[in-house]
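Shown next, in structure tokens, is the structure this report addresses.
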Amino acid sequence: MELRHLRYFIAVAEEGSLTVAAEKRLHTAQPSLSRQLRDLELEVGAQLFTRNPRGITLTPAGTAFLDHARLAIGQANEAAAAARRAARPAKTTFAVGFLTGQEVDWLPHVTQILRAELPRIDFKVSSLYSPDVADALQSGELDLGFLRVEPRPDVRYQVVAREPLVAILPSDHPLASGAVVSARDLAKENIIGFSDVPHVLRTVVDDYLRNEGIDFSPSHRIDNFAMGISLVASTRGIALLPAYVEPLLPWSVVSRPLDGQPPTIDLAVGYRHDNPSPTLATFLSGIDTLIAAGPAGVRRES
């Protein structure tokens with residue numbers, strides 16, 4: 001018994017006609033098909049079909065045989081597919097991690113630089129806190145990261161943007177009516193602070209406020225921009241956040257630039273210097289284009 005016998009049997013059983021199965025399904029001559037089915041019945045040792053003027057019907061033996069025949073063909077097809085999958089080399093994984101929110105601005109540039117590589121790789125994207133991106137780069141879980149400069153022994157950084165900090169405040173706040181927010185204005189307000197998680201941002205903000213002579217003891221400290229936006233809306237405080245959050249603001253809060261020389265925070269590309277990935281090499285060869293292009297996100301008018 002061969003697989004072709006099972007395919008012939010299934011086709012005739014499903015069509016209910018030797019002629020239709022031969023011409024439309026199997027593309028073979030009807031006498032040849034009849035001979036193959038007789039050979040199958042001899043091999044099985046039971047009559048599988050009843051032939052009558054209106055076509056072909058299955059005998060009880062044929063009905064019992066049909067389910068097993070379908071299963072055998074299905075398993076044979078899956079075996080062939082598994083062999084083909086095994087014969088193809090597995091795609092190389094290239095994992096990119098973003099400081100949460102930054103993928104909006106930078107992922108389009110990454111995919112543009114890697115457009116020729118993408119069909120050949122398993123491209124994975126994740127969104128994490130900056131220290132977690134750095135840890136994943138150090139451990140090799142990520143090949144590339146967009147994050148703050150977080151010192152790790154084997155991770156190299158190249159700054160791709162210097163983002164100004166902006167004031168985030170309720171949309172109906174008195175300061176929202178002005179074009180800018182000054183340090184003098186901030187001194188009178190409830191400023192939301194940062195936890196140790198975004199420690200690079202915390203240092204930048206704390207240094208700015210100290211240099212402006214603002215002594216503040218925040219009643220709330222935040223881990224991320226989403227928490228900051230929520231607290232601005234609920235407590236009517238003011239948060240100083242990087243400008244990349246502006247396209248993500250809900251209607252209830254707005255951004256205003258800081259007067260004078262606003263503080264900036266670096267966004268960098270990080271990678272292990274000993275990572276042999278050719279995809280990483282392709283990206284690094286195009287990094288100057290990425291830096292020149294700047295953020296891809298559209299900044300919202302405040």
Check ion pair [X]-[Y] (N to O, under 4.0 angstrom):
X: Arg256; Y: Glu246; value: no
X: Glu14; Y: Arg25; value: yes
X: Asp135; Y: Arg152; value: yes

Which pairs of donor and acceptor atoms, one on a side chain in residues 280-294, lie under 3.5 Å apart (sequence neighbours left out)?
{"from": "Thr282", "atom 1": "OG1", "to": "Glu117", "atom 2": "OE2", "distance (Å)": "3.1"}
{"from": "Thr282", "atom 1": "OG1", "to": "Pro278", "atom 2": "O", "distance (Å)": "3.1"}
{"from": "Ser285", "atom 1": "OG", "to": "Thr282", "atom 2": "O", "distance (Å)": "2.6"}

Please, which pairs that meet ring pair (Phe, Tyr, Trp, His ring centres under 6.0 Å) have at least one residue in residues 45-68, sequence neighbours excluded?
-> Phe9-Phe49, Phe9-Phe65
Is the number of heavy atoms from other residues, nucleotides or ligands under 6.0 Å of Asn211 CG greater than 12?
-> yes
Show every donor-acceptor pair shorter than 3.5 Å between a side-chain atom in residues 185-192 and any protein atom, with sequence neighbours excluded, or say none if there are none.
{"from": "Asp185", "atom 1": "OD2", "to": "Ser182", "atom 2": "N", "distance (Å)": "3.1"}
{"from": "Asp185", "atom 1": "OD2", "to": "Ser182", "atom 2": "OG", "distance (Å)": "3.0"}
{"from": "Glu189", "atom 1": "OE1", "to": "His173", "atom 2": "NE2", "distance (Å)": "3.1"}

For residues Ile168 and Leu249, determine if any side-chain heavy atom of one lies less than 4.5 Å from a side-chain heavy atom of the other.
-> yes
Taking side chain as C-beta onward, heavy atoms only, is Ile121 less than 4.5 Å from Thr93?
-> no
Residue list, salt bridge (charged side-chain N to carboxylate O under 4.0 Å, His left out) with Arg51, at least two apart or on another chain |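 Per chain and number, Arg51 pairs via salt bridge (charged side-chain N to carboxylate O under 4.0 Å, His left out) with Glu41.
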Quick one: salt bridge (charged side-chain N to carboxylate O under 4.0 Å, His left out) partners of Asp259, sequence neighbours excluded?
-> none
side-chain hydrogen bond (donor to acceptor under 3.5 Å, both in side chains) partners of Arg4, counting only residues at least two apart | Glu2, Gln36
